[in-house]
Each structure stands twice: as structure tokens, then as C-alpha cells.
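Contents: one structure, followed by commentary.
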Amino acid sequence: MITITFPDGSSREFRRGISSLEIAERISPRLAKEVYAATVNGEIYDLTRPINDNSSLKLHKWEDEEAKHAFWHSSAHLMAEALEALYPGIKFGIGPAIENGFYYDVDPGDGRTITDADLPVIENKMKEIAARNLSYNRREVSKTEAITVFSEKGDEYKTELISELEDGTISLYTQGGFTDLCRGPHLPSTEPIKAIKLLSVAGAYWRGNEKRKMLTRIYGITYPKQKMLDEYLILLEEAKRRDHRKIGKELELFTFSPRVGMGLPLWLPKGSDIRQNLISFLTAILRRRGYKIVTTPHIGNVELYKLSGHYEKYGADSFQPMSTPQEGEQFMLKPMNCPHHCEIYNSTQHSYRDLPLRMAEFGTVYRYEQSGELHGLTRVRSFTQDDAHHFCRPDQLREEFKSIIDLILYIFKILNFNDFTAQISLRDPGNKQKYIGSDENWEKAEEDIIVAAREKNLKTTVVPGEAAFYGPKLDFMVRDAIGRKWQLGTIQVDYNLPERFDLTYNGSDNQKHQPVMIHRTVFGSLERFVAVLIENTAGKFPLWLAPEKAVVLPISEKFNDYAANVLDILNNSDICTLIDDRNEKIGKKIRDNELKRIPYLLVIGEKEVENGTVAVRKQGEGDRGSMKVEEFVSFIRREIENEIAY
RNA sequence: GCCGAUGUAGCUCAGUUGGUCAGAGCAGCUGAUUUGUAAUCUGCAGGUCGGGGGUUCGAAUCCCUUCAUCGGCUCCA
């Protein structure tokens with residue numbers, strides 16, 4: 001007999017070799033139907049895998065990531081079996097479970113392609129196979145045996161994977177006629193996979209290496225119930241409706257023109273107003289926090305970027321240097337503000353007493369992003385960073401860093417931005433040649449960030465290999481409507497630029513010392529931030545950000561004069577207001593202006609003219625009753641003040 | 001940059017196997033109506049079907065090429 005200990009601390013005796021599934025059945029048959037995987041002594045197990053020793057056991061129901069993982073991983077194998085049936089000789093790369101569903105990378109072979117149109121066919125095949133209730137059987141094999149299995153099959157991708165595995169750790173899973181290299185765990189059988197949807201096909205480089213073959217990646221998702229799948233698909237549809245590219249067009253915030261150039265956003269008047277509101281808001285906060293605002297040109301001598309290291313790292317992939325009538329002279333569109341800021345720092349001498357120096361700029365930069373990477377406003381070739389550089393003494397670094405974490409959290413809070421993650425991005429220890437600077441400086445900088453984040457009690461994830469080429473960073477990430485992750489705010493410690501630009505200050509010992517630099521943004525770029533704001537609010541911006549605060553709606557032509565009068569009063573009070581004096585019924589005017597997401601609709605008819613009032617209707621909420629025009633002015637002002645109270 | 005898909009009026013989309021198929025709704029302009037909280041009615045105008053080339057008696061429809069967009073991959077200072 002063995003003793004199994006459950007998460008609540010209780011324990012029970014079972015016979016040696018019992019499976020988690022059998023244990024679940026002993027507890028309750030209903031539970032057995034709801035579990036998909038188990039954790040045995042901290043290791044993920046198939047439900048059917050025998051347990052041979054005293055163990056702790058946690059059974060995973062759908063709510064647990066482990067359960068979904070097993071479910072979707074098994075679904076990937078199911079899809080592979082369907083593909084093998086439909087495309088004999090097809091070869092398989094990797095096919096993991098992901099956050100929402102699974103994918104499999106496949107090589108259909110000899111000129112065959114798989115397109116969206118083929119997905120329903122594969123889907124049906126999967127349903128047909130799943131209905132056979134095939135069991136997933138685990139088999140541990142030697143490396144030689146594993147290689148034999150897949151080389152006989154002619155699957156060079158699998159043999160490549162196996163060749164890198166250690167002998168003794170290799171397992172195969174078979175369901176029906178399909179066998180795959182896999183660590184597991186899997187479902188006991190295909191039976192629970194009831195609802196299946198293949199979502200898209202895409203190209204993906206084998207092993208993520210752009211020099212290697214491009215395989216076909218098929219994305220899909222499955223659920224134990226059709227209703228769950230339907231709900232997920234509805235969620236996807238709703239997310240699409242919040243897409244900033246769609247809303248940006250509808251609300252006339254920005255546009256692109258192939259004549260101007262791809263990835264070069266054209267901000268329309270309303271979008272510009274939002275930008276401007278964000279800039280004013282942030283500038284006021286920065287001034288209070290001791291930042292000095294600077295302005296630098298959009299271009300710089302190519303020598304500047306050679307000195308900073310940017311040219312060597314990115315020169316070939318940038319907008320190329322432009323020449324001038326002066327022989328040998330070349331300029332580049334600036335990809336970064338920091339070299340310019342270093343030269344501002346160098347324009348005067350600095351005393352240790354003057355540090356930290358905080359230099360901010362809403363600086364527009366230009367980067368030649370790959371054409372396939374461009375995406376609405378989140379990935380563009382011209383964008384305005386809310387950039388700043390802190391020059392400080394080494395002994396000030398940690399406090400300075402922490403003050404920036406405060407600033408970012410403070411602003412996110414005012415903007416009601418709760419759904420972000422903080423990520424510490426470190427150097428890839430296995431690929432140090434990607435970076436510039438000494439090991440010593442890197443170690444110092446990484447330590448600084450980790451400690452500062454810890455001291456601020458910031459919950460972070462640590463990702464090696466994501467650092468900038470000149471230093472590690474703390475990134476604030478958010479997701480967009482379709483689930484993609486984007487970096488907004490970032491804080492980066494940099495010992496390299498001060499060295500390259502020979503930045504100095506006079507210490508109390510009257511010697512020259514080198515300051516440390518911190519690069520930071522809060523929004524990241526105005527473009528990306530506005531995109532995220534659009535998706536978070538679905539275009540219903542808070543009043544202070546809204547480009548147009550109110551619209552006056554006369555019920556008929558008879559009230560146009562009074563309406564025009566109200567319009568003047570509001571606009572003269574700096575409350576950007578429109579008038580809708582079209583020859584339409586009030587219901588139509590309300591509908592159209594609600595769809596334009598105008599925060600306040602002011603209905604004007606006979607009563608309002610008589611009483612000198614406006615009938616206030618709040619966007620999305622409906623009638624708020626009447627108030628005097630002056631009352632409405634102070635009401636709006638108060639609301640704006642409350643929104644950005646800091 | 002790579003793989004796949006898409007591209008029809010300002011917007012959202014119909015256009016069956018190539019043959020009165022160049023259409024609809026919304027938006028725009030007309031005229032009527034003078035309206036009380038999410039769509040009043042009438043009429044009109046709008047497109048060399050992304051651009052270029054080809055196949056064909058005939059191309060929005062088939063082929064090639066180019067541009068752009070979308071979904072991924074790679075990249076992201």
C-alpha cells in the first residue's frame with residue numbers, strides 16, 4: 001500500500017500502482033469526469049499513469065492551467081492524427097498547448113499547402129477520430145528506439161528533436177494509429193474533446209530560426225463542451241470590435257496612406273487632440289517631479305550614432321543615412337533620443353550637487369520596422385516617445401529607479417490601467433555578443449533593477465534574453481484586443497552611454513566621475529499608448545481625454561438660435577462642443593452622437609429655451625435631467641478635475 | 001523580410017461554374033417633414049471591381065506581376 005496526501009493535508013491509503021484517475025473515481029465518479037491531469041509529487045502526470053510510491057497528489061479540473069494544458073496538448077495530437085490521415089507522409093515539428101488552445105507546426109511536403117479552406121475538413125476528421133474514444137498510451141523508450149521510430153517514418157524534424165534529448169527521459173504517446181514524441185501529460189482518451197475549432201494557418205520557422213525552413217502552423221482550440229467553445233468565439237468577436245484600427249477609423253482618430261508610406265501614422269484632428277491631452281497631462285506631472293523638458297532635432301549626424309553604438313547594432317536595418325551637399329557628411333533620422341540628450345548633458349559641466357538631472361522630451365523617432373511587423377498604431381515606423389533620461393550618481397541610482405516605478409504606477413492608476421504585467425528583461429547569458437558593455441556593468445545594472453523592483457514590492461516575471469543591447473530593463477506590458485502583448489513603460493539602467501559619451505560630473509572630492517543613466521518611458525510611445533487606450537475603453541474615452549466633450553442637439557430648427565448660443569458659451573469656456581442641427585429627429589441625432597462616443601449630449605427644446613437650461617444626457621447612461629448652462633460648465637470642469645486629480 | 005489569405009462606391013458587404021452583374025445598406029447631396037431621448041420619408045449622385053500585364057470572341061470572376069492590408073513567424077534600440 002502507498003499513502004497519498006491531498007492538497008488539504010488529508011491522506012489515504014491506496015494500493016501500489018493505482019492511477020490518479022482511479023483515485024478520483026474512488027473519491028467520486030463525478031470528480032473523475034471533471035479531472036484532466038494530476039500533479040504527483042510536483043510532477044505533472046497522466047491520469048492513467050501508475051503511482052508507485054507515497055506521494056502528494058493534486059487533481060486538476062478544467063480551471064487549472066495544468067488541465068487545460070493536457071487537454072489542448074492532447075488536442076494537438078488529435079489534430080496531428082487527422083492531418084496524417086488526410087495528408088499521408090506529412091511531417092511534424094512541434095505541437096504544444098498554448099495560452100488559448102494549441103498549434104502544430106507541420107511540413108505537408110512536396111509542394112502541398114494547407115490553407116484556411118482546408119481547416120473545416122481537418123476539423124471534421126478530428127471530430128470523427130475523437131468520437132472513437134481512442135486512449136492515449138504512454139511508452140518510455142530509449143533514445144535509439146525513438147530515433148528508429150521516426151527515421152523509419154522519415155520525419156527528420158522529430159529525429160532532430162530526439163537527438164538533442166537525453167537518453168532515459170524520452171517518452172512516446174500513441175492514440176489510434178498515431179505516435180508522437182511527447183513529454184505529456186495527456187488525457188486518458190479523446191473522449192472529452194467534444195468541441196473543436198481550427199482558427200488559422202500561418203507560417204512559422206522551424207525552431208524559430210529564420211534561416212531554416214518555414215513550416216505550416218495550424219492554430220486551434222478545443223473544449224469539453226460546445227457551449228464553452230461558442231462563448232470563446234463570441235469573446236473573440238467582441239475583442240475584434242474593440243480593435244483600435246477599426247475604432248480609429250470609425251472615430252476619425254488616425255489614418256495611413258500608402259503614398260506617405262506604410263507605418264507612418266497620420267493623426268487626424270481628433271486623434272491629435274487626444275495626443276495633446278496626454279502630453280499636457282504628463283508634462284504637468286513631470287514638472288512637479290523635477291523634470292526639465294528639452295527639444296531635439298529629428299535627425300543627427302551619423303557619427304553620433306556610431307558613437308552611441310546604435311549604428312553598429314541597427315544601422316543596416318534603419319532608414320539609411322542621407323547625404324548632404326557637403327562631401328562625406330551624413331545624417332540619420334533619429335531612432336533614439338538618448339544620444340541627443342547625452343550631448344545636452346555634455347553642453348555644461350555638472351556638480352554632484354546637481355544630480356540627479358531628469359531630462360524629458362516628447363521625441364519623435366524613426367525606425368525601419370520590418371514590413372510584416374507593422375500593426376496599426378502599436379508597431380509603426382514613426383512614433384513619439386514620452387522619453388526621459390535620468391543622469392545620477394551611482395549612489396542615487398536605486399532611489400532614482402524606484403521613483404520611476406512610482407511614477408509609472410501613479411500614472412497607470414490615474415488612467416485606471418490595472419491590467420498590466422511587470423517584466424524584468426535580462427541579458428541572454430548564452431549569447432553575450434548580442435550586447436555591448438562590460439560584464440561588470442551588466443551585472444551591476446541587473447542587480448540594481450532586481451533589487452529596486454523587489455524593494456517596491458512589484459510583482460515581476462524575469463525573462464532572460466529580452467534586455468536592450470546596452471542594458472537590462474524593467475518593462476510594463478499590456479495586452480491588446482487580440483491578446484498580443486505590447487511593451488508600454490520601460491525603465492532601463494545604462495552604464496554604457498555615459499562611458500561612450502564620456503559624461504562626467506565633479507564629485508565632492510573635486511574629481512571627475514561618471515554618472516549612471518536611466519532611460520525611461522511611461523506611455524512607451526503616444527501611438528502605442530493611444531492604441532491601448534482605444535482598446536481598453538472601446539473608444540469611450542474619459543471626459544478629460546475625449547477630443548469632443550459635448551454636442552448640442554436642438555429638437556427642431558426653431559431652437560437652433562438658442563442652441564448656437566449654448567454652443568458659444570461652452571466653446572468659450574474651453575469645453576470643446578459640437579452642434580448637430582441637421583434636419584433629423586431627436587432620436588436619430590442621439591443615436592448618431594452616441595455612436596460617435598461623445599460624452600455628453602445636450603438636448604434643447606422649448607422647455608430649455610424658456611428656462612435657460614440644457615437637458616443633459618450622458619453617453620451610455622441616458623437622461624440626467626436639466627441644468628442651467630453655467631451649471632453644466634462647472635459640472636464638466638469638476639468632472640475633468642476629478643478624473644485627473646493628482 | 002518569410003508563409004498563408006484578402007483587396008468591389010467614403011464605410012460595411014452581395015456578385016453562383018468567365019457571358020445585360022457592376023449591386024445593396026449606411027454615409028453624402030435633393031426635396032418634404034419641424035420633430036422630446038438610439039435609425040422619418042422622397043429623389044439623386046458615387047466605382048476603369050487596388051495598379052500593371054496576359055489568356056479569351058468576352059474577365060470583378062482565370063494566370064502572371066506589383067502595391068497595400070490581415071493572421072502568424074522572425075525582429076523590436
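Lettering of chains follows the sequences in order, A, B, ..., and the numbering in each one begins at 1.
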Are there any protein N/O atoms within less than 3.5 Å of an N/O atom in nucleotides 40-47 of chain B, and if so, which ones and at what distance?
residue, atom, partner, partner atom, Å
B:U40, O4, A:Asn583, O, 3.4

_Counting only side-chain heavy atoms from C-beta out, which of B:A38, B:U34, B:A77 sits nearest to A:Ser556?_
B:U34

*Quick one: is B:C26 close enough that its OP1 or OP2 comes under 4.0 Å of any side-chain N or O from A:Arg591?*
no

*Any donor-acceptor pair under 3.5 Å joining the side chain of A:Arg259 to the base of B:A68?*
no

Close N/O contacts between protein and nucleotides 3-10 of chain B (under 3.5 Å):
residue, atom, partner, partner atom, Å
B:C3, O2, A:Gly203, N, 3.0

_When you compare the side chains of A:Gln492 and A:Thr490, does any donor N or O come within less than 3.5 Å of an acceptor on the partner?_
yes

*Under the ring-ring contact (aromatic ring centres under 6.0 Å, His included) criterion, do A:Phe401 and A:His390 qualify, and how do the steps go?*
CA-CA 9 Å; A:Phe401 197 96; A:His390 294 224; 9.6 Å; no

*asked:* In this structure, how many angstroms lie between the C1' atom of B:C73 and the CH2 atom of A:Trp206, rounded?
replied: 14 Å

*Can you find a donor-acceptor N/O pair under 3.5 angstrom joining the side chain of A:Tyr205 to the base of B:G72?*
no

*Just by modelled atom types, is the A:Gln320 backbone N or O under 3.5 Å from a matching donor or acceptor in the A:Tyr368 side chain?*
no

*Rounded to whole angstrom units, what separation is found between the CG atom of A:Asp480 and the P atom of B:C70?*
12 Å

*Is there a donor-acceptor pair closer than 3.5 Å between any side-chain N or O of A:Arg597 and the backbone N or O of A:Leu595?*
yes

*Choosing from B:A77, B:G36, B:C75, which nucleotide comes nearest the side chain of A:Arg379?*
B:C75

_Interatomic distance where CG belongs to A:Leu595 and C1' belongs to B:A39 [whole Å]_ = 10 Å

_Could you write out RNA chain B as dot-bracket? Rules: Watson-Crick or G-U wobble, both distances under 3.5 Å, brackets [ ] for crossings, | for pairs with another strand, dot for unpaired._
(((((((..((((.....[...)))).((.((.......)).)).....(((((..]....))))))))))))....

*Would you call B:G46 syn or anti, using the 90° rule around 0?*
syn

*Report yes if the ring of A:Tyr314 lies under 5.5 Å from the six-membered base ring of B:A77 with planes under 30°, and no otherwise.*
yes

_Could you check whether A:His519 and A:Tyr470 have their ring centres less than 6.0 Å apart?_
yes

*Would a 4.5 Å heavy-atom cut-off, applied to side chains only, mark A:Val365 and A:Phe383 as touching?*
yes

*On RNA chain B, check which nucleotide each of A:Lys249 and A:Ile555 is closest to and give me the residue with the more 5' one.*
A:Lys249

*Nearest-neighbour nucleotide for the A:Phe469 side chain, B:A38, B:A77, B:C2 considered*: B:A77

*asked:* If you only use heavy atoms from C-beta on, which nucleotide in B:U37, B:G71, B:A77 is closest to the side chain of A:Pro335?
replied: B:A77

_Measuring only the C1' atom in each nucleotide, how far is B:A27 from B:U12? A whole number of Å is fine._
11 Å

*Round to the nearest Å and state the distance from A:Leu497 atom CG to B:A77 atom P.*
14 Å

*B:G43 versus B:C62 - spacing of their C1' atoms, nearest Å*: 41 Å

_Pairwise 5' ranking along RNA chain B for A:Met336 and A:Ser626, keeping only the more 5' one_ = A:Ser626

